[in-house]
> 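Sharing a structure, written as structure tokens. Questions coming.
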Number of protein chains: 2
Amino acid sequence: MKAPTRRSNNRNDALLDAAATLFSTQGFRETTMRDIAKAAGMLPGSIYYHYGSKDDLLLAIYETGVERIIEEFSKALLSVNDPWERLRIAISAHIGAINQQTPAMRVINRVLPEHVSKHAVALSRLRDRYEKCFRELINDLPLAPHVDRSLLRLMVLGAVNHTQFWFKPTGKRTLNEIGAAFAQLLIEPIAIPLKSIITPETRDT
Amino acid sequence: MKAPTRRSNNRNDALLDAAATLFSTQGFRETTMRDIAKAAGMLPGSIYYHYGSKDDLLLAIYETGVERIIEEFSKALLSVNDPWERLRIAISAHIGAINQQTPAMRVINRVLPEHVSKHAVALSRLRDRYEKCFRELINDLPLAPHVDRSLLRLMVLGAVNHTQFWFKPTGKRTLNEIGAAFAQLLIEPIAIPLKSIITPETRDT
DNA sequence: AATTTTACCTAACAAATGTTTGTTTAAATA
DNA sequence: TATTTAAACAAACATTTGTTAGGTAAAATT
């Protein structure tokens with residue numbers, strides 16, 4: 001069966017972008033088809049020409065988002081060989097992905113598979129594709145014997161994904177700086193040597 | 001104005017528990033008043049005798065949840081003086097709080113203030129009360145000069161809150177073990193000494 | 001230019017959802 | 001025991017929400 005030829009007045013891209021923006025800011029359930037249609041400059045019934053349901057629309061956005069994230073990873077890691085440097089870059093790239101202006105990437109973190117009844121398995125599979133990148137990076141690290149690699153990965157992912165809830169573009173650090181700082185907190189000792197008691201100077205305000 | 005005397009057939013506690021359980025598993029928007037009423041063993045209209053709205057119900061649950069979390073913190077930290085030990089215990093206590101059976105504590109992490117239009121400011125204020133505990137703990141740590149304390153706190157909170165999405169009671173680690181492992185990953189160097197290249201033995205599967 | 005086909009509009013449907021209002025029941029008090 | 005009042009029931013309301021089906025406009029093809 002041949003797909004219809006797409007015409008010049010086709011607004012599928014505008015639709016995807018509008019939906020992704022709203023899903024990533026308002027959430028999936030909280031965003032109505034009327035919201036999406038309005039933002040895309042069409043009427044609600046028209047959405048069903050392009051997608052069979054609201055959940056199908058989400059799935060399409062997830063596919064786009066994951067693909068874009070993996071591209072960002074590959075590009076950033078292209079000629080980097082040192083495992084620690086690769087981890088640092090992956091952290092920064094991921095933080096960038098979920099905090100920057102491309103809504104489809106933001107949706108991956110904002111709308112979780114377990115919060116959606118239909119397509120949950122498919123969405124989880126898509127997420128696994130980029131989480132697998134982290135898994136491989138962690139596996140390549142020369143780590144001390146006490147380190148549980150899967151716990152390290154989960155800890156990193158949690159910290160990184162959490163940035164979406166607190167990062168402000170007007171804050172004092174860029175996304176890359178945050179990524180670098182996170183990597184540094186993991187790699188370099190954070191405690192000052194024992195027996196040296198100093199009043200903390202950089203208090204958390 | 002005197003509050004009505006509560007009678008023996010008052011089911012407010014059952015209502016709070018039912019709502020908290022559903023909010024923490026299904027989410028706020030996804031849970032209907034009919035769901036809640038059914039789980040509490042009453043009819044939907046009856047809920048409005050106790051709470052003016054669905055959002056008011058959420059606020060009451062948040063208040064309970066935050067209070068309980070702070071109690072857990074205080075109890076756990078009672079006679080612990082070493083800052084690193086306090087951090088380790090706080091991490092474990094918090095992981096326990098958001099993963100254990102008390103639904104009101106789970107809601108704090110599952111339903112975020114920015115996802116709810118009404119009471120968002122009040123909910124944020126309540127969250128701040130327990131986050132302040134972490135802030136104080138981080139402030140008391142003897143840290144190296146390169147460490148940004150607020151970034152460390154945000155990283156820890158992200159990692160800890162993320163456990164709610166992957167922890168399984170049937171997994172290979174208890175909540176306390178996870179908490180201890182997280183603290184260890186932060187405190188002890190994770191890299192093996194340079195110039196020592198060994199094939200990783202504990203791969204992340 | 002006529003016809004086909006894509007991509008939308010339009011109005012309505014069916015169900016869902018938070019809430020309101022009047023009524024009834026039963027716990028507590030006088 | 002009679003009365004009051006807390007706490008529920010019951011039915012309905014008003015609105016919202018995802019979706020359907022018939023129709024129209026316009027882009028593309030013949």
Side-chain angles (χ1 to χ4, degrees), chain A residues 1-23 25-62 107 111 115-120 123, chain B residues 1-23 25-62 107 111 115-120 123:
Chain A
M1 175 164 155
K2 186 186 172 193
T5 307
R6 182 168 289 189
R7 294 187 177 180
S8 60
N9 65 340
N10 184 302
R11 272 179 276 166
N12 186 60
D13 290 343
L15 175 56
L16 281 173
D17 196 64
T21 297
L22 289 166
F23 289 159
T25 55
Q26 293 184 170
F28 179 68
R29 193 89 172 25
E30 291 86 342
T31 301
T32 67
M33 298 302 263
R34 286 164 179 80
D35 291 338
I36 295 167
K38 185 174 178 184
M42 63 176 71
L43 294 173
S46 307
I47 299 179
Y48 295 87
Y49 171 77
H50 298 268
Y51 297 97
S53 70
K54 191 178 178 183
D55 288 280
D56 290 349
L57 178 55
L58 175 64
L59 182 59
I61 288 165
Y62 242 78
V107 172
V111 184
H115 299 162
V116 184
S117 50
K118 196 178 169 189
H119 296 321
L123 298 183
Chain B
M1 174 161 155
K2 187 184 171 194
T5 307
R6 183 168 287 193
R7 294 187 176 181
S8 60
N9 65 341
N10 184 304
R11 271 179 273 168
N12 187 59
D13 289 343
L15 176 56
L16 281 174
D17 196 60
T21 298
L22 290 166
F23 289 160
T25 54
Q26 294 183 172
F28 179 67
R29 192 89 172 26
E30 291 86 344
T31 299
T32 68
M33 299 301 262
R34 287 164 179 79
D35 292 338
I36 295 166
K38 185 174 176 182
M42 63 176 71
L43 294 173
S46 308
I47 299 180
Y48 296 88
Y49 171 77
H50 298 267
Y51 298 97
S53 69
K54 189 176 177 185
D55 288 282
D56 289 350
L57 179 54
L58 175 64
L59 181 59
I61 288 165
Y62 243 77
V107 171
V111 183
H115 300 162
V116 183
S117 50
K118 196 177 168 188
H119 295 324
L123 298 183

> Side chains of residues 11-19 of chain A: which donor-acceptor pairs under 3.5 Å do they make with residues two or more places apart or in other chains?
residue: R11(A); atom: NH1; partner: G41(A); partner atom: O; Å: 2.3
residue: N12(A); atom: OD1; partner: Y51(A); partner atom: OH; Å: 3.0
residue: N12(A); atom: ND2; partner: Y51(A); partner atom: OH; Å: 3.4

> Contacts to DNA chain C from residues 12-22 of chain A, heavy-atom cutoff under 4.0 Å, which residues?
none

> Quick one: list whatever passes side-chain contact (heavy atoms from CB on, under 4.5 Å) with R29(A), sequence neighbours left out.
R29(B), E30(B)

> Can you tabulate the close N/O pairs, meaning under 3.5 Å, that link protein atoms to atoms of nucleotides 23-27 of chain C?
residue: dA27(C); atom: O3'; partner: S8(B); partner atom: OG; Å: 3.4
residue: dA27(C); atom: N3; partner: R7(B); partner atom: NH1; Å: 2.7
residue: dA27(C); atom: N3; partner: R7(B); partner atom: NH2; Å: 3.3

> Taking only residues two or more places apart in sequence or in another chain, which ones pass side chain to side chain donor-acceptor pair (under 3.5 Å) with T21(A)?
none

> Using the side chain to side chain donor-acceptor pair (under 3.5 Å) criterion, which residues pair with Q26(A)? Sequence neighbours excluded.
T31(A)

> Which residues pass the ring pair (Phe, Tyr, Trp, His ring centres under 6.0 Å) test with Y62(A), sequence neighbours left out?
none

> List every contact pair, protein side and nucleotides 14-18 of chain D side both N or O, where the distance is under 3.5 Å.
residue: dT17(D); atom: OP1; partner: R29(B); partner atom: NH2; Å: 3.0
residue: dG18(D); atom: OP1; partner: K54(A); partner atom: NZ; Å: 2.4
residue: dG18(D); atom: OP2; partner: M33(A); partner atom: N; Å: 2.8
residue: dG18(D); atom: N7; partner: R34(A); partner atom: NH1; Å: 2.9
residue: dG18(D); atom: O6; partner: R34(A); partner atom: NH2; Å: 2.9

> Residues in side-chain contact (heavy atoms from CB on, under 4.5 Å) with S46(B), at least two apart?
M42(B), L43(B)

> Angle between the two end axes of the helix from dA1(C)-dT30(D) to dA30(C)-dT1(D), five base pairs per end, rounded to 10 degrees?
10°

> Suppose we screen for salt bridge (charged side-chain N to carboxylate O under 4.0 Å, His left out). Which residues come up paired with K118(A), at least two apart in sequence or across chains?
D56(A)

> Mind checking side-chain contact (heavy atoms from CB on, under 4.5 Å) for T32(A) and listing every partner two or more places apart, or none if nothing turns up?
R34(A), D35(A)

